[in-house]
**Q** 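Quick one: this structure, given as structure tokens, is what I'll be asking you about.
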Amino acid sequence: MTQEHQGGSRGWSVARRGVWSRLRFTSLRLRLVVVFGLVALTAAVSASGIAYWLNREAVLTRAQDAVLRGFEQEMQNRAGALPEHPTQDELQHTADQMANSSQRFTVLLVADDPEGRTVYGSSGGLNGFSLRDVPASLREAVTERQRITSNNEYAYHLYWQRIVDGDTPYLVAGTRLIGGGPTGYMLKSLEPEAKDLNSLAWSLGIATGLALIGSALLAQALATTVLKPVQRLGAAARRLGEGKLDTRLRVSGTDELADLSRTFNKAAEALEKRVADMAARDEASRRFVADMSHELRTPLTAITAVTEVLEEELEFEGGGFDPMIEPAVRLVISETRRLNDLVENLMEVTRFDAGTARLVLDDVDVADQITACIDARAWLDAVELDAERGIHARIDPRRLDVILANLIGNALKHGGSPVRVSVRELPDGAEGTEDTEGAAGAGAVVIEVRDHGPGIPEDVLPHVFDRFYKASASRPRSEGSGLGLSIALENAHIHGGEITAANSPEGGAVFTLRLPRDVSAPTERDAEAEDAREDEGSPSGKTGGARGEGAEGDA
């Protein structure tokens, strides 16, 4: 199958899933329509069924009673006028007369002639209504003589039965004259009544269908009335989730939905106020850190100059420091450096928080960049590099150097030598880059830094990139500021990449850096603000961010 066909199949599949998601039963609109339809269908079918049954019984009973009364009267008036033993011609003539009555039924008369033979008279002729057409049970009931009692005055009664012959309903009745005479049977077609009942059934079915359609339209109208405020509420909630905290709903009415809209407006107003207060406090905090870092740089510059003089004096043979004072001087020098690194890191963090950090992209050879980072810090003897030349990426070299310096320095400080740095490249769409969708889209470079130390405790792993996080409370004054790994992670994020920390099955900690091979230029920041901050005191090439700090014990 070609890629075009595969793409078309996927498009059709996505469209079909979209339609199904709109029609699935979790939709409130669909549920309202279905429920209304079921209620209307149940009510209409019940009402139609009851109406059909009542009308059917009424129509059949009325027609049946009229026919039976007419047959009974004909038997009394015409068959009763026959002699006790009539002839064949007399029976036939009487049957024809009875059939010509207003009810127009077919008649069969059975009697014994003067010679004792059984003779028949049928209004339908020789091939018409015969005794074979009468159910045996009805014949037995008609000819059976009943016992005369106080509750039963007659020996014979009129019996009837409904039968179906060739999809046509018939009414069959029979009775015998009291005191002697012929036995009469009647056959009446109920087809006109059946057609009337079928017409009634069709009418009720159409009424049921119209009721179902009407209920669906009513449900649709009701769903629209109910769901419009809900949809507006959902849209407002989405806008609120997107950060548009000034979103409000128009409130009208006094029902529950109006109360819900008022509650939403109050919640949105409270949230807007709360977020505004938090943003103001956060901005004030960032401003304070930035101002504090900037203000500290001026005295630190002078202090750093003095400490450099003191350090040169210490290194000079035959220095004039008293042996009792020398440890204090060395402590001042180291703490001054640590303070300088902390101020530089705080300024870098402030740039990330303010969103003014920018990338200066360049095409670099990743292996050369790692080698330069290791060589600049004299780590060649302690670091094993497994990287082939020729793996190029378009990234910010300075920020990559900051990331590598922190990860490798962290491994050397808290792990165990040797530290192994390996580099591999992933092609477009390769698996293993699910953590960085942007990196996976254009190919990625993966850099792993592994040490041979005890590894990172499981309770520390989720916090290794937190700012100022100390893994051990017994070492609150470690050399690092606790910002190194956090700054490294921010530098990875600004590239569209990611850093993860884990423990290797063979022992030691493993930090994995994933970066896209081609970082698209980000939206231009406020250059003037960035330049102003850098003029006030941007980190130099020897910033504390480029030093290895944070990690397993001092994240």
Side-chain angles (χ1 to χ4, degrees), residues 10-48 207-287 352-355 434-438 462-463 465-467 490 493 496 498 522-523:
R10 284 195 297 269
W12 168 249
S13 178
V14 170
R16 184 173 55 187
R17 285 198 300 269
V19 172
W20 174 249
S21 64
R22 290 192 294 270
L23 295 178
R24 58 186 178 182
F25 198 68
T26 55
S27 169
L28 182 58
R29 182 186 301 274
L30 180 58
R31 280 186 285 174
L32 282 173
V33 172
V34 170
V35 169
F36 266 71
L38 290 177
V39 171
L41 182 62
T42 303
V45 168
S46 301
S48 299
T208 301
L210 293 176
L212 186 60
I213 295 173
S215 66
L217 295 177
L218 180 62
Q220 178 69 14
L222 179 62
T224 301
T225 303
V226 173
L227 293 181
K228 271 189 177 180
V230 177
Q231 291 172 349
R232 287 197 295 267
L233 180 62
R238 284 191 295 272
R239 290 196 299 270
L240 198 66
E242 293 170 356
K244 301 176 182 177
L245 301 181
D246 57 344
T247 302
R248 299 293 184 272
L249 288 172
R250 186 179 72 255
V251 181
S252 60
T254 58
D255 56 5
E256 289 80 359
L257 292 175
D259 291 339
L260 181 61
S261 298
R262 294 189 186 92
T263 303
F264 175 85
N265 289 340
K266 292 179 181 178
E269 183 178 357
L271 179 62
E272 183 180 18
K273 185 176 182 302
R274 183 71 175 271
V275 170
D277 294 342
M278 293 178 63
R281 287 196 296 268
D282 188 57
E283 178 61 28
S285 175
R286 286 199 302 267
R287 188 73 252 176
F352 285 122
D353 290 344
E434 59 273 5
D435 292 334
T436 54
E437 294 180 1
H463 306 287
F465 296 105
D466 293 352
R467 296 175 182 177
E490 293 290 350
H493 285 169
E498 184 61 85
T523 304

**Q** Calculate, to the nearest 0.5 Å, the distance between atoms CG and CG belonging to L260 and N265 respectively.
**A** 9.5 Å
**Q** Taking all non-hydrogen atoms of both residues, which atom of F264 and which atom of L249 are closest, and how far apart?
**A** CD2-CD1, 3.6 Å
**Q** Would you mind checking if R281 and D277 are paired as a salt bridge, meaning a charged N to carboxylate O distance below 4.0 Å?
**A** no
**Q** Using every non-hydrogen atom in the two residues, find where T247 and A268 come nearest and quote the distance to one decimal.
**A** O-CB, 3.8 Å
**Q** For R262, does the CZ atom sit with more than 12 other heavy atoms under 6.0 Å from it, leaving out its own atoms?
**A** yes
**Q** Can you name the closest pair of heavy atoms from S252 and A258 and give their distance?
**A** O-CB, 3.6 Å
**Q** Report the distance from atom CD of E242 to atom CZ of R238, rounding to the nearest 0.5 Å.
**A** 8.0 Å
**Q** What are the two closest non-hydrogen atoms of R248 and E272, and how far apart are they?
**A** NH2-OE1, 2.7 Å
